[in-house]
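First the proteins, then the strands, lettered A, B, ... as listed; each starts at 1.
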Number of protein chains: 2
Amino acid sequence: MTEINDITNSNAANQFILYWGDMGNQWGVNRSVAQIHALLYLSSKPLNAEQIAESLGIARSNVSNSLKELVGWRLIRRVPVPGDRREHYEAEVDVWEMGIRIAQGRKEREIDPATQALRACVAQAQTESGLDPTALRRMQDMQEFLATADTWFRDMLTVPRPKLVMLMKLGTKVVSLLNLAGGKKSK
Amino acid sequence: MTEINDITNSNAANQFILYWGDMGNQWGVNRSVAQIHALLYLSSKPLNAEQIAESLGIARSNVSNSLKELVGWRLIRRVPVPGDRREHYEAEVDVWEMGIRIAQGRKEREIDPATQALRACVAQAQTESGLDPTALRRMQDMQEFLATADTWFRDMLTVPRPKLVMLMKLGTKVVSLLNLAGGKKSK
DNA sequence: CCTCAATTTCTCTTATATCGGAAACAACAG
DNA sequence: CTGTTGTTTCCGATATAAGAGAAATTGAGG
């Protein structure tokens, strides 16, 4: 235990892992999952399940499940280490890529199904004569909003990373630049 | 019970409320809270706690707490109904406004504290001689990313709603327009 | 085809969050 | 001041999720 180079020897690193776990927790992500992710993110070399379990003091089985989930989110990947039979894992370390993958994952798993469900609701609502027209209207508004957001998000995914970064750093300036270019505030 | 105009008489409306509750649940929002929000969103007139409890079949106390939380998120507001002693509530019905408030709320409650914690971690990390330089680097990257995202988000909040909508609807076009206008990919 | 390490699945315990109901509290009318 | 109505706080029961450890499975040498 406590190998050389085990980053959990560092207070700062431990803090980081702790906070990350906590934060994940609030966002509906299992704490172990988030902690493992943090650990791998900080680690300069791939780790195997055993090392992870030991570093974080959580059960081996728990690690196994959590790793599977993280792979599913494409936040970490398996890496074969030559001469070692054990499976090793490393994290995606580009923070932008990471942010995008998390957003993408949530969208796919949680928003998309909801959008679909909403579509069904609206369809159903249109057949109901008794329904308050306001309610119908609201459902449609929501649907349209989600559709717009969805399109926007997918659009943004196609933007090459460096441009995306530039775009975000521009911030408000984007609007003024476009005003010059686009002019009209056409709906 | 089952008053005229109670939208929970509608299947579609009930479906909507159900799904909304479910979705909220996955996002770490209490189901009751989400359901109440959905109900108020669909309702064409303000409702009081009693009506909500009855419509959704949940305890009065639960409604009370959930309402408080929703008010905290500024997703609903109290409205005095003349001639009625009871407190009534109505939802923000502009979907864009709603989306923004949810995002804002999450940011304030969950990201901002994390950012602050991260700052402390990095500070601490810099004092630790033993820490793997890669780990330090990664923490700093993360911090910078969060800072950028934070600035961007605050920027977007200052953009008047109609322009924001326009901006999102433009999607990818924004990039090409900017290339023509801005040219250089200056940092 | 056997052995052994590594991993995954399963089950049970424990922790956490949700929610209903009782009780306390506040506002107000008479 | 007192009774009534509406609201909030508190507490206990219950549902749900997390996590540990044992058991089962896989797969690579030999």
Side-chain contact check for S61(A): nearest option of dT9(C), dT8(D), dG21(C) is dT9(C)

Margin query: Can you tell me if K68(B) touches the phosphate of dT9(D), counting only side-chain N or O atoms and a distance under 4.0 Å to OP1 or OP2?
Written below: yes

When you measure from the side chain of N14(A) to the backbone of T8(A), do you find a donor-acceptor pair of N or O atoms at a distance under 3.5 Å? yes

Judged by nearest nucleotide, the residue sitting upstream toward the 5' end of DNA chain D, R85(B) or Y89(B), is R85(B)

In whole angstroms, the gap separating P of dA17(C) from CD of Q26(A) amounts to 10 Å

task: Would you indicate what R31(B) reaches in the nucleic acid, counting non-hydrogen atoms under 4.0 angstrom: base, sugar-phosphate, or nothing?
output: sugar-phosphate

- Query: So, is R60(B) close to the dT7(D) phosphate, meaning a side-chain N or O under 4.0 Å from OP1 or OP2?
  - Reply: yes

Need one value for G57(B): base, sugar-phosphate or nothing, where a base atom within 4.0 Å counts as base even if backbone is also close, heavy atoms only. sugar-phosphate

Practice prompt. Name the nucleic acid region contacted by E50(A), choosing base, sugar-phosphate or nothing; use a 4.0 angstrom heavy-atom cut-off, strictly under.
Written response: nothing

Here the distance between atom C1' of dT7(C) and atom NE2 of H88(A), to the nearest Å, is 13 Å

To the nearest angstrom, the CG-P distance between D22(A) and dA18(D) comes to 14 Å

Atom CG of N65(B) and atom P of dT18(C) are separated, to the nearest Å, by 11 Å

L67(B) atom CG is separated from dT7(D) atom P, nearest whole Å, by 9 Å

Any N/O donor-acceptor pair, S32(A) side-chain to dG19(D) base, under 3.5 Å: no

Note: for D84(A) and I58(B) on DNA chain C, the residue whose nearest nucleotide lies more 5' is D84(A)

Atom CD of E87(A) and atom P of dG27(D) are separated, to the nearest Å, by 11 Å

Got a sec: does the CZ of R106(B) have more than 12 other heavy atoms crowding it under 6.0 Å? yes

I36(A) CD1 to dT7(C) P, in whole Å, measures 13 Å

Less than 3.5 Å apart, any donor N or O on the side chain of D132(B) or S44(A) sitting next to an acceptor on the other?
yes

Margin query: Parallel, tilted or perpendicular: which one describes the rings of Y41(B) and W20(B), with boundaries at 30° and 60°?
Written below: parallel

To the nearest angstrom, the CD-C1' distance between Q51(B) and dT7(D) comes to 15 Å

Checklist line | Touch class at under 4.0 angstrom, heavy-atom based, for N48(A) against every strand present | finding: nothing

(message) When you measure from the side-chain N and O atoms of S64(B) to the phosphate of dT7(D), is any distance below 4.0 Å, counting only OP1 and OP2?
(response) no

Which of dA18(D), dT9(D), dC19(C) is nearest the side chain of N30(B)? It is dC19(C)

- request: Evaluate side-chain contact (heavy atoms from CB on, under 4.5 Å) for L40(A) paired with I52(A), printing each intermediate quantity in order.
  value: CA-CA 8 Å; L40(A) 288 172; I52(A) 295 171; 4.2 Å; yes

